[in-house]
Amino acid sequence: MDNKQYNALFSFIWNIANDVLVHAFEKGDYKKIILPFMVLRRIDVLLEPTKAAVLQKKEFCDSHNLVDYTPFLTQVTGYPFYNTSAFTMKTLKNEIDPQRLKMNIIEYFNGFSQDVQDIIDKFKLRQQVDNLTEAGRLGSLLEKFTDENINLSVKPVMQEVTKEDGTKEMVERLPGLDNHTMGTIFEELLRKFNEENNVTEAGEHFTPRDYVRLLGQLAVEPIKDKITDNTYTIYDGACGTGGILTIAQEEIERIATEEGKRVRTSIFGQELQPDTYATCKADLMISGNINKFSYRLGTVDHQYIAFGSTISQDGHAGEKFDFCISNPPFGTPWKEDLKNWGIGDKKEITDPRFFDGANSFIPDIGDCQMLFLANNISRMKDTPLGTRIVEVHNGSSLFTGNAGGGESNLRRYIIENDLLEAIVAMPEKDFYNTGIGTYIWIITNRKEERRKGFVQLIDATAICTPLRKNLGEKNCETSEADRQRIVKLLMDFKETPESKIFKNEEFGYWQVPVLRPKRDKEGNIVLKKGKPVMACNKKECEQIPLLYPGGIAAFYEQEVKPYDAEAEFGEPIIGYELSFTKYFYKPVQLRTLDAIMEDIRSIERDTDGLLDEIMK
């Protein structure tokens, strides 16, 4: 689908709200109607060609008392879903009586297989039908979504044309809408609806296709020679509409094929938002990336795509995966997770994913992204290939939190256990609804020998291709050539202007409290057993690099004692943080004095005689 076709489809769907819902619904409710019906039509259009055959097969099953008719009907539709009602969205629109139309569409909903029922429930579609019927807009909405000028199917719409020589051929009239483009439209509609209603959904950023392909390549390219004929699992604990899962799956299978390997992939995910979850589930069913949604682990049934909070309602408890690829929300509070756990304070959390023995990885309540990283760390497999984690973060994950805090403890765990392979700084304005820069963390428990004990930082902030036209905030993309360049920087593992390599300890430090003699009201030093009582000001501490020659004692003797003999050091705490600015800062080149003087002389020449003219 090219940009012109995409824009035409987007505009058509956007205008449905203005044509049908205006004056009948609040603007804030538009997305609750348009997005679900868009997804429903996407399912419906695929079932149209086999409707008669499904009804015939259902009648056969009933006449033979076959209670479990799902395998028979899915074989007819060719998809892991079906509808046993007499209706499609096209035939529904023919009913002009509002109440009868409402009855028919509820019957139509009830005719879907169980997984589609789940989608309908998550979208609260039955409630929307009541609202649309009361407003008298249900028939008009169906008319719009079944218009012959739009195609929400994954399959293209073909038409027969006559060539100049009189022969006939089938040509594409409307392109198919693949999973990721559907996700793009969903996200852009959601963003635009929110903008119209002055709503912002902080931290939730749809990951562009070009960026996702890079994530897949960073996960697989470095270990492609170790891929064998096998089944590999891919997990995304913040899967949104499923784009990362499906594109990563494509990349892994493509790279394996190029290496002459025959692999299968299984995808697992979890999503919190009901409408996004429903869209993800629908598109995975439609695209065939998942043929069934439930599986059994031991004696417990699980969902491949779980619904709920990954943090407090883990849908894949105890499971390990080969690849964990995610773009979790940035700067999003997670207070609701405390309620899900039935506790009132984060200190009461006991989930083992968020601890390393006595050390807690639990971050500030205002930002959950490090919890997603800790969750992925807990998924690592002890196999020859191990697990590769590729996760997107904003800049705060690099340095937020004091030594001994959850964020710093997690960084410490990752680095001291030699799990951090690299971090890639990406360009700003690479996402649709945020202009912030992002960082890709690459983590593995099977580092190459040459990488052991080292971390690679890659500055890819200038490696991008400008877009001819902005898409929301997005003004650039990571083209195939850009992706190859970034992957090469990673795999070369060399010092370049864009690639720096450091010992693990480079990012560690001791946070040491500074103690001073306690004084009484008169200003005298308080003594105890003849010795000064030392007191700590919580705000006063020294941050000493782990690589400082001679350690804490040498730092005190050289940097503190000569200038402040009364001060002493308290008990140190180890912390870790990373700073791209420190290593990749490029100072602005100042102009030379000669250039400045030449400008001054030029101005003098241009104004020569001007004062005399003014005074005349």
* Asked: Less than 4.0 Å between a side-chain N and a carboxylate O, is that true for Glu253 and Arg262?
  -> no
* Asked: Do you know which two heavy atoms are closest between Cys280 and Cys239, and how far apart they sit?
  -> SG-SG, 4.1 Å
* Partners meeting side-chain hydrogen bond (donor to acceptor under 3.5 Å, both in side chains) with Asn376 (sequence neighbours left out) -> Glu391
* Search all heavy atoms of Ala17 against all heavy atoms of Phe193 and return the closest pair with its distance. => CB-CE2, 4.1 Å
* Asked: Mind checking whether Phe87 and Tyr108 have ring centres under 6.0 Å apart?
  -> no
* To do: Determine, for Lys224 against Glu258, whether the closest basic-nitrogen to carboxylate-oxygen distance falls under 4.0 angstrom.
  => no
* Asked: Between Gln128 and Asp29, is any pair of side-chain heavy atoms under 4.5 Å apart?
  -> no
* For the pair Tyr295 and Phe268, name the ring-plane relationship: parallel under 30°, tilted 30 to 60°, perpendicular over 60°. => perpendicular
* Asked: Going by an N to O cut-off under 4.0 Å, is there a salt bridge joining Asp62 and Lys58?
  -> yes
* Evaluate the side-chain proximity of Val54 to Leu47: yes if any heavy-atom separation is below 4.5 Å, no if none is. => no
* To do: Using side chain to side chain contact (heavy atoms under 4.5 Å, CB included) as the criterion, list what pairs up with Val171, not counting sequence neighbours.
  => Gln159, Val161, Glu169
* Inspect the contact between Arg213 and Asp210 and indicate whether a charged nitrogen and a carboxylate oxygen are less than 4.0 angstrom apart. => no
* To do: Would you mind reporting whether Tyr232 and Val263 have side-chain heavy atoms less than 4.5 Å apart?
  => yes
* **Tyr304-Phe293 aromatic ring centre distance below 6.0 Å** => no
* **Salt-bridge contact Asp301-Arg296 (side-chain N to carboxylate O under 4.0 Å)** => yes
* Asked: Who passes side chain to side chain contact (heavy atoms under 4.5 Å, CB included) against Asp314, sequence neighbours left out?
  -> Gln270, His316, Ala317, Arg353, Arg379
* To do: Can you see which heavy atom on Leu152 is nearest to which on Met38, and at what distance?
  => CD1-O, 3.7 Å
* Thr181 vs Arg209, side-chain hydrogen bond (donor to acceptor under 3.5 Å, both in side chains): CA-CA, chis, key distance, verdict -> CA-CA 8 Å; Thr181 307; Arg209 176 197 294 258; 3.3 Å; yes
* Under the side-chain hydrogen bond (donor to acceptor under 3.5 Å, both in side chains) rule, what do Tyr277 and Asp118 come out as? Steps first, then yes or no, please. => CA-CA 10 Å; Tyr277 166 83; Asp118 185 31; 3.1 Å; yes
* Evaluate the criterion side-chain contact (heavy atoms from CB on, under 4.5 Å) for residue pair Phe109 and Val129; output intermediate values, then yes/no. => CA-CA 11 Å; Phe109 288 169; Val129 166; 3.5 Å; yes
* To do: Nearest 0.5 Å please: distance from the CD atom of Gln249 over to the OG atom of Ser266.
  => 8.0 Å
* To do: Hey, could you give me the OG1/CD1 distance between Thr257 and Ile227, rounded to the nearest 0.5 Å?
  => 11.0 Å
* Below 4.5 Å, heavy atoms only, C-beta onward: do Ile349 and Leu338 meet side chain to side chain? -> yes
* Do Lys381 and Thr387 have side-chain atoms, one donor and one acceptor, less than 3.5 Å apart? -> no
* Salt bridge flag under 4.0 Å for residues Asp121 and Arg126 -> yes
* To do: For Thr88 and Asp44, test the side chains for any donor-to-acceptor distance below 3.5 angstrom and give the result as yes or no.
  => no
* Asked: Does Lys90 come within less than 4.0 Å of Glu148, counting only side-chain N to carboxylate O?
  -> yes
* **Electrostatic pair Lys32-Asp275, nearest N-O below 4.0 angstrom** => no
* Structure fact -> Rounded to the nearest 0.5 angstrom, the CG-CD distance for Asn340 and Gln313 is 4.0 Å
* To do: Side-chain contact test, heavy atoms from C-beta onward, threshold under 4.5 Å: evaluate it for His393 versus Ile440 and give yes or no.
  => no
* Structure fact -> Looking only at heavy atoms, the pair that brings Pro175 and Asn151 closest together is O-ND2, 3.0 Å
* Asked: Side chains of Asn131 and Phe25: closer than 4.5 Å at any heavy-atom pair?
  -> yes
* To do: Decide yes or no on salt bridge (charged side-chain N to carboxylate O under 4.0 Å, His left out) for Lys51 and Glu48, but give the supporting numbers first.
  => CA-CA 5 Å; Lys51 170 56 76 173; Glu48 283 180 352; over 6 Å; no
* Asked: So is Lys57 actually on top of Phe60's ring, under 6.0 Å and inside 45° of the axis?
  -> yes
* To do: Give the C-alpha distance, both sets of side-chain angles, the deciding distance and a yes or no for side-chain contact (heavy atoms from CB on, under 4.5 Å) between Tyr79 and Leu46.
  => CA-CA 9 Å; Tyr79 297 97; Leu46 294 174; 3.4 Å; yes
* Structure fact -> Closest non-hydrogen contact found for Asp367 with Gln369 is OD2-NE2, 2.9 Å
* Distance in Å, Phe112 CZ paired with Gln117 CD, rounded so as to fall on 0.5 Å steps -> 8.5 Å
* When you check the gap from the basic side-chain N to the acidic O, do Arg42 and Asp283 get nearer than 4.0 Å? -> yes
* Say whether Asn83 and Ser85, considering side chains only, have a donor N or O and an acceptor N or O under 3.5 Å apart. => yes
* Can you name the side chain to side chain contact (heavy atoms under 4.5 Å, CB included) partners of Lys144, sequence neighbours left out? -> Ile16, Asp19, Val20
* Asked: Counting only N and O atoms by type, is there a donor-acceptor contact under 3.5 Å from the side chain of Thr167 to the main-chain atoms of Lys163?
  -> no
* To do: Mind checking side chain to side chain contact (heavy atoms under 4.5 Å, CB included) for Gln75 and listing every partner two or more places apart, or none if nothing turns up?
  => none
* **Side-chain donor-acceptor pair present, Tyr235, Asp322, cut-off under 3.5 Å** => no
* Asked: Do Phe145 and Leu40 touch side chain to side chain, with heavy atoms closer than 4.5 Å?
  -> no
* For residues Tyr82 and Phe72, establish whether the separation of their ring centroids is below 6.0 Å. => no
* With Thr276, which residues qualify under side-chain hydrogen bond (donor to acceptor under 3.5 Å, both in side chains), at least two apart? -> none
* To do: Apply side-chain contact (heavy atoms from CB on, under 4.5 Å) to Met89 and Val45, showing your working.
  => CA-CA 8 Å; Met89 286 179 74; Val45 71; over 6 Å; no
* To do: Could you grab the distance from atom CG of Leu245 to atom CD1 of Ile305, nearest 0.5 Å is fine?
  => 5.5 Å
* Considering only heavy atoms from C-beta outward, does the side chain of Ile244 approach that of Asp236 to under 4.5 Å? -> yes
* Taking every non-hydrogen atom, the tightest pair across Leu214 and Arg483 -> N-CD, 3.5 Å
* **Spacing of CD1 belonging to Ile34 relative to CH2 belonging to Trp14, to within rounding of 0.5 Å** => 9.5 Å
* To do: Report the C-alpha distance between Leu9 and Leu174 in whole Å, list the side-chain angles of each, state the deciding distance to 0.1 Å, and finish with yes or no for side-chain contact (heavy atoms from CB on, under 4.5 Å).
  => CA-CA 10 Å; Leu9 178 58; Leu174 294 170; over 6 Å; no
* Would you check if the side chain of Lys168 reaches a backbone N or O of Thr162 as a donor-acceptor pair within less than 3.5 Å? => no
